[in-house]
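Proteins get letters first, then strands, A, B, ... in listed order; numbering begins at 1 in each.
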4 protein chains.
Amino acid sequence: MVVAGREHVHVLQEEDSSKRRQILAGAHKVFMDLGFDGASMGEIARAAGVSKGTLYVYFADKSALFEAILEEEALFHGQVVFNFDPARDAETTLNDFGQAYLHLLCRPGGGSAIRTVMAIAERMPDVGRRYYMRVLDKTINRLSEYLRAHVASGDLAIDDCDLAASQFMELCKASLFLPFVFQAAPPPSEQRMAEVIDSATRMFLGAYKAK
Amino acid sequence: MVVAGREHVHVLQEEDSSKRRQILAGAHKVFMDLGFDGASMGEIARAAGVSKGTLYVYFADKSALFEAILEEEALFHGQVVFNFDPARDAETTLNDFGQAYLHLLCRPGGGSAIRTVMAIAERMPDVGRRYYMRVLDKTINRLSEYLRAHVASGDLAIDDCDLAASQFMELCKASLFLPFVFQAAPPPSEQRMAEVIDSATRMFLGAYKAK
Amino acid sequence: MVVAGREHVHVLQEEDSSKRRQILAGAHKVFMDLGFDGASMGEIARAAGVSKGTLYVYFADKSALFEAILEEEALFHGQVVFNFDPARDAETTLNDFGQAYLHLLCRPGGGSAIRTVMAIAERMPDVGRRYYMRVLDKTINRLSEYLRAHVASGDLAIDDCDLAASQFMELCKASLFLPFVFQAAPPPSEQRMAEVIDSATRMFLGAYKAK
Amino acid sequence: MVVAGREHVHVLQEEDSSKRRQILAGAHKVFMDLGFDGASMGEIARAAGVSKGTLYVYFADKSALFEAILEEEALFHGQVVFNFDPARDAETTLNDFGQAYLHLLCRPGGGSAIRTVMAIAERMPDVGRRYYMRVLDKTINRLSEYLRAHVASGDLAIDDCDLAASQFMELCKASLFLPFVFQAAPPPSEQRMAEVIDSATRMFLGAYKAK
DNA sequence: AATGAATGAGCCTTCATTCAT
DNA sequence: CATGAATGAAGGCTCATTCAT
């Protein structure tokens, strides 16, 4: 018997064993569909195609698994490249960003992450805070930075770029996001989204375009 | 003795027996703190100072109790008078409304209702929809109507007043509401709220003021 | 103030205050429909048109109420006059008795008493025993006595008249009663009952008619 | 080692894992002692020596467990071989059958199944019906078939063999079964049972023996 | 006497977690 | 490492019973 076994060592520590990915996939679906409390470990195990026991090999408990899902979600958000190249003109950039952002939020099951995290923010404040910082605040900051660059270049005239960034993002959601997360309306059509983002961009630039 | 007997009216049927109010108060706190799933009927009973059985004398089940809480919340929202007198000028009206609206959302425990309802909107879509319609949509409509009056009077120039109303409301939340519901920041200061609403009003009127 | 009030005294002791009858009527229906465990005091109160508290004014507890029902049932059985006049000839008497007995058992809701009592005989043996003695055994004894009279008159030749009485009663139920109590068949038709009783009478007399 | 591994078969799926048998045994006792409503899952768990949760690993709910008990009972009845070889003479066959049948009904706890099922037949008609068909009706049919064979061979003269079969079975119970199920008498002695069956056989053959 | 609001014990069931294999 | 059987602590809900009015 020679060096056999080396490749089996510490497999659990690896962030990406296939079982782990498998579990995360199943858990993601179940958590997003049913919420933290509504999701049961049994359901997750079934959705992941593993045994309940295996869940606990990879994750300490239900909360740890949930937080891993959010981690994933955060990574996914991070990978959605918002093109904030300072060289691009503001109108196009904002429009493109608005599109991408709104699609992210309103994709089927897209409100779910926000909804799900919000739901437990009161009981698990750290989780809420962490998610906000890693996902929403980060996006605000990137946009804010982009805006600052254009302020510097004299293109835009903005006092509080963080506020402005947040304002633009809120404008993009106007009339669309809340009905969607409250299940009071189906996901918005492409056309409607375009109209809303158009309006947002116009209003935003109307206010902040340097004269 | 003249008015004798009035106090013998059977109170269970009344919307407002004191026990009922007592239960609603306890349930409100527990539901808002822990969410629908996190709240247990036992905890609620304890918080309300009644026995578990009594809960079921006044409410058919946990859901019914929860929905009664939301009803209450909706009534509370309805009672917050937003002064939409068409005679008032837009700037003042929007500023005042923004203040009231933001205070409503960011009062301690104020994000909780929204958060809590959002949380179960996936599993209980009717509840989500109902809440959205009775609380959020209703406010949008009132503001929208006000705006339409000023469009008619030539004061404002707005194409889509519903969208505009929603835009203003979103602008008011910019940089404040999300950190607050995600527990990533304490309730905003009065001053910061004033600033944000000011900025929102300016941007809004800049876009929609008739020339 | 004269003698007022006398008629209100000890009303509870009277076996027949109208409230008491009212309660018994409601309780009878509910107990027979749902069985001892299935019946709830609330349901009984509703069926009787009185408040739950009133139930406890007239009966110590659920068991006492149930036993009162059985008492009633026993009285009812006792009132069904089986014509055991020794002067009547055996064939007619048996046939008539068989008819009456089978109707008693198979009347809609008629299996219910037997079923209901049987159901709790294990947990409340006294109740079972008492019911058997007061209702079933009593009928056996009456028939048995009738048979003895005819044995004495040389009409019938029976060794064990108690056994014979029981045999006839069992024969009357053949193919009809069990399917009925197990809900495996609807209440038997008049004609089928007549046939079965005819067959029973013939077999019985064939065996016990004196030669 | 040759046959290794056989013991690793997953047993939950098997109809006969030892835990499953253990639960059925405990449940059987508790259900028969207390009836369906009187039996609590906690009591059953204790009687079976397993945790309450385990009950639900093997049976979907209380009803399913109960029906499994009845299934068992039906199987047990099915395994009691009534020797209905058409070649055997009627007197012996009936006598032997009567003995076996009566022992089945009057064994300690033997009335319990019938009693217990009867008890819920009103609220769960399917259960009652099923039990009747699988246990009682099946026995009637076997006996009926035997009788038909002897009618064919000219041995017996019977018009309605189903009725006749039922009649014989009822005759066997005469004076014994009802007092027993109502707890009004202890299980009958062997001698008394023999006498009653003797009498039943004589009466039956007296009526149906071909002349 | 009659009420019905209130109680709290107890029931069925679910589920996160553990552990022997 | 993977399994899934087993657990026991809750949870939602019902109901017999009590008691102030």
Side-chain angles (χ1 to χ4, degrees), chain A residues 8-12 17 19-20 23 37-45 50-63 65, chain B residues 7-8 10-13 17-20 23 37-45 49-63 65, chain C residues 5 8-12 17 19-20 23 37-46 50-63 65, chain D residues 7-8 10-13 17-20 23 37-45 49-63 65:
Chain A
H8 284 169
V9 175
H10 297 313
V11 137
L12 281 188
S17 76
K19 268 271 154 53
R20 200 186 133 94
I23 292 172
D37 292 298
S40 82
M41 293 299 266
E43 188 94 355
I44 290 171
V50 302
S51 78
K52 250 194 296 185
T54 304
L55 260 32
Y56 288 86
V57 173
Y58 289 87
F59 301 93
D61 57 20
K62 195 182 178 183
S63 292
L65 177 50
Chain B
E7 71 277 20
H8 276 270
H10 302 302
V11 286
L12 250 191
Q13 268 50 274
S17 78
S18 99
K19 266 276 153 48
R20 199 187 135 94
I23 291 172
D37 293 299
S40 83
M41 292 300 266
E43 188 91 357
I44 290 172
V50 303
S51 76
K52 244 193 301 184
T54 303
L55 261 31
Y56 290 88
V57 172
Y58 290 86
F59 300 94
D61 55 21
K62 194 183 180 184
S63 290
L65 178 49
Chain C
H8 285 168
V9 176
H10 296 313
V11 138
L12 280 188
S17 78
K19 269 270 154 52
R20 199 185 134 95
I23 292 173
D37 292 298
S40 83
M41 293 300 266
E43 188 94 356
I44 289 171
R46 204 171 318 120
V50 303
S51 78
K52 249 194 298 186
T54 304
L55 261 31
Y56 288 87
V57 172
Y58 290 86
F59 301 94
D61 57 19
K62 195 183 179 183
S63 290
L65 178 49
Chain D
E7 70 278 21
H8 275 270
H10 301 303
V11 287
L12 250 190
Q13 267 50 273
S17 78
S18 98
K19 266 275 153 50
R20 198 186 136 95
I23 291 172
D37 292 299
S40 84
M41 292 301 266
E43 188 91 359
I44 289 172
V50 302
S51 77
K52 248 196 297 184
T54 302
L55 261 31
Y56 289 87
V57 172
Y58 290 85
F59 300 94
D61 56 21
K62 194 183 180 182
S63 290
L65 177 49

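One can place CD1 of B:Ile23 at 12 Å from C1' of E:dT7, the figure rounded to the nearest angstrom. Rounded to whole angstrom, the span from the CG atom of B:Leu65 across to the C1' atom of F:dG11 amounts to 15 Å. Here the P atom of nucleotide E:dA2 and the CG atom of C:Leu55 are 12 Å apart, to the nearest Å. As a whole-Å value, the separation of B:Lys19 NZ from F:dA20 P is 13 Å. Summarising the geometry, the separation between OH on C:Tyr58 and C1' on E:dA1 is reported as 7 Å, rounded to the nearest angstrom. Following rounding to the nearest Å, A:Ile44 (CD1) and F:dG4 (P) show an atom-to-atom distance of 17 Å.
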Dot-bracket line, read 5' to 3' along DNA chain F, where crossing pairs take [ ] and | marks a partner on another strand, Watson-Crick or G-U under 3.5 Å: .||||||||||||||||||||
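Annotation for C:Ala45 and C:Ser51: closest pair CB-C, 4.0 Å, computed over non-hydrogen atoms. Closest approach of D:Lys62 and D:Asp37 over heavy atoms only: NZ-O, 3.8 Å. What you find for C:Tyr58 and C:Ile23 is that their closest heavy atoms are CD1-CD1, 3.7 Å.
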Nucleotides 11-18 of chain E: protein proximity per nucleotide (B base, S sugar-phosphate only, - neither; heavy atom, under 4.0 Å): SBBB-BBB
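Comparing B:Gly49 and C:Val50, the nucleotide of DNA chain E nearest to each residue sits closer to the 5' end for C:Val50.
Relative to the side chain of B:Val57, the nucleotides F:dA2, E:dT7, F:dT7 differ in distance, and E:dT7 lies closest.
Atom CZ in B:Arg20 sits 14.0 Å away from atom OG1 in B:Thr54 (nearest 0.5 Å).
Using a 4.5 Å heavy-atom threshold, the side chains of A:Leu55 and A:Phe59 count as separate.
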Criterion side-chain contact (heavy atoms from CB on, under 4.5 Å) on B:Met41 and B:Ile44, from CA distance to verdict: CA-CA 5 Å; B:Met41 292 300 266; B:Ile44 290 172; 4.2 Å; yes
